[in-house]
Undergrad: 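My questions all concern the structure below.
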Amino acid sequence: MDKHLETRAMFAGYRPSDANMAVKPPMHPASTFVFPNARTGAAHMETAYGVEGAETPPEGFIYSRLGNPTVNMAEQRLAAWDDSEDAALFGSGMAAISTSLLAWSDADRPVWFVGPLYGGTHHFLEDVLPSMGREVVELDHLDQLNQTLEACGGKRPGIVYLETPANPTMQIQRIRTAGEWAAKHSTDDHRIVVMVDNTYLGPVLQRPLEEGADMVLYSATKYLGGHSDLIAGGASGKADIVAKVKEFRTFLGGTIDPWTAWMLARSMETLHVRVERQQNSTGTLLQHLREMCGPQAVKSAWAADLVQMGQDVTVAEQQQREGGAMIGLEVPGGREGAFAFLDALQVFKLAVSLGSTESLAEHPASMTHAGVPADVKARTGITEGFVRLSVGLEHPEDLIQDVTQAWKVAAQVANLTV
Ligand SMILES: Cc1ncc(COP(=O)(O)O)c(C=O)c1O
């Protein structure tokens, strides 16, 4: 029987016959696993370390940094959501991103990225990777791929890295452009891997692998986890691409722990229901915000706002199922107005992070993107008046009332009338 995505993802990674017919999977906190004999133990360990002539070990677990039944189950669930060949889970989104970037770049394979990006990723690319001898090149737009190759004297990248829609300013990138370019310029001995951070929309609303990406990255702390009660990351994609990332994970050590993996697997069962409700409430809220604040004050990955932002809506139509539940709002009065707005909110919680059951609000310029250089903030639209909203599961009318009263407070501070 051909099953829909939601049905496949619900049961991925576990059958009741695996564990006493329990309807839900057990949690295996074990850090280590018993070898049936010394020869098998040696085969496992020598294979893990790539020792020449190692005997092929049977299926089985060794030590939970390398693999764990609960982690495997949750990884299969993420792979099911993405329809990917394999997935790897990590202790945070940054662990997934940094490990993947390290795995597929080296001195001869620079990282090319298109900004803007989440502040932590931007810092890792601009400060940490170069300090380790990796070359990193920023492109303003994906249509600069050919000219960048020429400017780099023909030196091809190892990775083309995108985030779409971008956190927090909602610029969108055409994934297919990166995928087609990478395929054209890859050779057997030099693979160009396209990585897409899909945290903002998640696998229900956007499917980068179907658009030509090789790997999708997630802060699973956000929509996949969805309840502000865990920190995790995910990397999902072609089996050989994920295999190398898992090898690096083994030695960098950023794997997820079994308890968090179990919680994440549980959360992924309700992913589509949460996202659909958040998406619907966002539609209602956006309409109100456009009327109250003026359309030019509102940013989102919804078509009406993308048009206003000068983005190519056909790209969104092609690669996004919907516009998601993240909103950017330009509040009058600069930082003072934005802070007044945030401090006045009563339903939205003033906190970083996103994609949770509760609605969240924050000030990117001084919070999530505090470390982004001023010129990059100016170029990408992270102004002092800009606030980021993540729409949760509260009643949409309460959210509308909340932003309305907070906007009035901010408008007073900015000496404006609503
Ligand atoms: C788009 C995006 N990618 C990656 C991350 C990093 O994830 P984590 O905080 O789980 O390490 C974040 C965190 O806010 C994010 O918003």
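Both counts, for ligands and for their atoms, begin at 1 and track the order of listing. Positions are given from 1 along the sequence.
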Undergrad: Checking Arg274 against Tyr223: charged group under 6.0 Å from the ring centre and within 45 degrees of the axis?
TA: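 Relative to the ring axis of Tyr223, which defines the angle, Arg274 lies outside at least one limit.
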Undergrad: Quick one: are Phe113 and Thr121 in side-chain contact, heavy atoms under 4.5 Å?
TA: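 The answer is no, as the side chains (C-beta and beyond) never meet within the 4.5 Å cut-off.
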Undergrad: Determine whether a donor-acceptor pair (N or O, by modelled atom type, separation under 3.5 Å) exists between the side chain of His28 and the backbone of Pro26.
TA: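 Such a contact is absent between His28 side chain and Pro26 backbone.
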Undergrad: Counting non-hydrogen protein atoms only, what is the nearest one to atom 11 (O) of ligand 1? Give residue, atom name and distance.
TA: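 Going by distance alone, atom 11 (O) of ligand 1 is nearest to Met94 N, 2.8 Å.
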Undergrad: Just need the protein heavy atom nearest to atom 14 (O) of ligand 1, so name the residue and atom and give the distance.
TA: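 Protein heavy atom at minimum distance: Lys222 NZ, 2.8 Å.
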Undergrad: When you measure from atom 6 (C) of ligand 1 to every protein heavy atom, which one gives the shortest distance, and what is it?
TA: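 I find the closest protein heavy atom is Tyr118 CE2, 3.5 Å.
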Undergrad: Is a salt bridge present between Arg77 and Glu269, judged by a nitrogen-to-oxygen distance below 4.0 Å?
TA: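 Salt bridge between Arg77 and Glu269, a charged N being under 4.0 Å from a carboxylate O: yes.
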Undergrad: If you measure every N/O of Arg388 against every N/O of ligand 1, is any gap under 3.5 Å?
TA: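 No: no nitrogen or oxygen of Arg388 is under 3.5 Å from one in ligand 1.
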Undergrad: Give me the residue, atom name and distance of the protein heavy atom closest to atom 3 (N) of ligand 1.
TA: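 Checking every protein heavy atom, the shortest distance to atom 3 (N) of ligand 1 gives Asp197 OD2, 2.7 Å.
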Undergrad: Does the side chain of Glu211 come within less than 4.5 Å of Val196's, by heavy atoms?
TA: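 Val196 vs Glu211: side chains apart.
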Undergrad: Side-chain contact, heavy-atom cut-off 4.5 Å: Leu345 with Leu350?
TA: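 When only atoms from C-beta onward are counted, Leu350 and Leu345 do not touch, as no gap falls below 4.5 Å.
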Undergrad: Consider ligand 1: state whether an atom of it lies below 4.0 angstrom from any non-hydrogen atom of Thr368.
TA: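 No heavy atom of Thr368 comes that close to ligand 1.
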Undergrad: Short N/O distance, under 3.5 Å, between Ala220 and ligand 1?
TA: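 Such a contact does not occur with ligand 1.
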Undergrad: Just going by heavy-atom distances, which of Ala166, Gly93, Gly91, Gly120 is nearest to atom 8 (P) of ligand 1?
TA: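 When every heavy atom of Ala166, Gly93, Gly91, Gly120 is considered, Gly93 comes closest to atom 8 (P) of ligand 1.
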Undergrad: When you measure from atom 10 (O) of ligand 1 to every protein heavy atom, which one gives the shortest distance, and what is it?
TA: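 Answer for atom 10 (O) of ligand 1: Thr221 OG1, 2.7 Å.
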Undergrad: Atoms of ligand 1 less than 4.0 Å from Ile97 heavy atoms?
TA: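 Counting atoms of ligand 1 from 1, those under 4.0 Å from Ile97 are 4 (C).
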Undergrad: Any N or O on Asn167 sitting closer than 3.5 Å to an N or O of ligand 1?
TA: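 In this structure, Asn167 places an N or O atom under 3.5 Å from an N or O of ligand 1.
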Undergrad: Using a strict cut-off of less than 4.0 Å between a Lys/Arg side-chain nitrogen and an Asp/Glu carboxylate oxygen, indicate whether Asp312 and Arg174 qualify as a salt bridge.
TA: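 Between Arg174 and Asp312 there is no salt bridge, as every charged N stays at least 4.0 Å from the carboxylate O atoms.
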Undergrad: Say whether, by atom type as modelled, one donor and one acceptor occur between the side chain of Thr99 and the main chain of Ala96 under 3.5 angstrom.
TA: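 No: the side chain of Thr99 does not pair with the backbone of Ala96.
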Undergrad: At the 4.0 Å heavy-atom cut-off, does Ala232 count as touching ligand 1?
TA: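 Ala232 counts as a contact of ligand 1 under the 4.0 Å cut-off.
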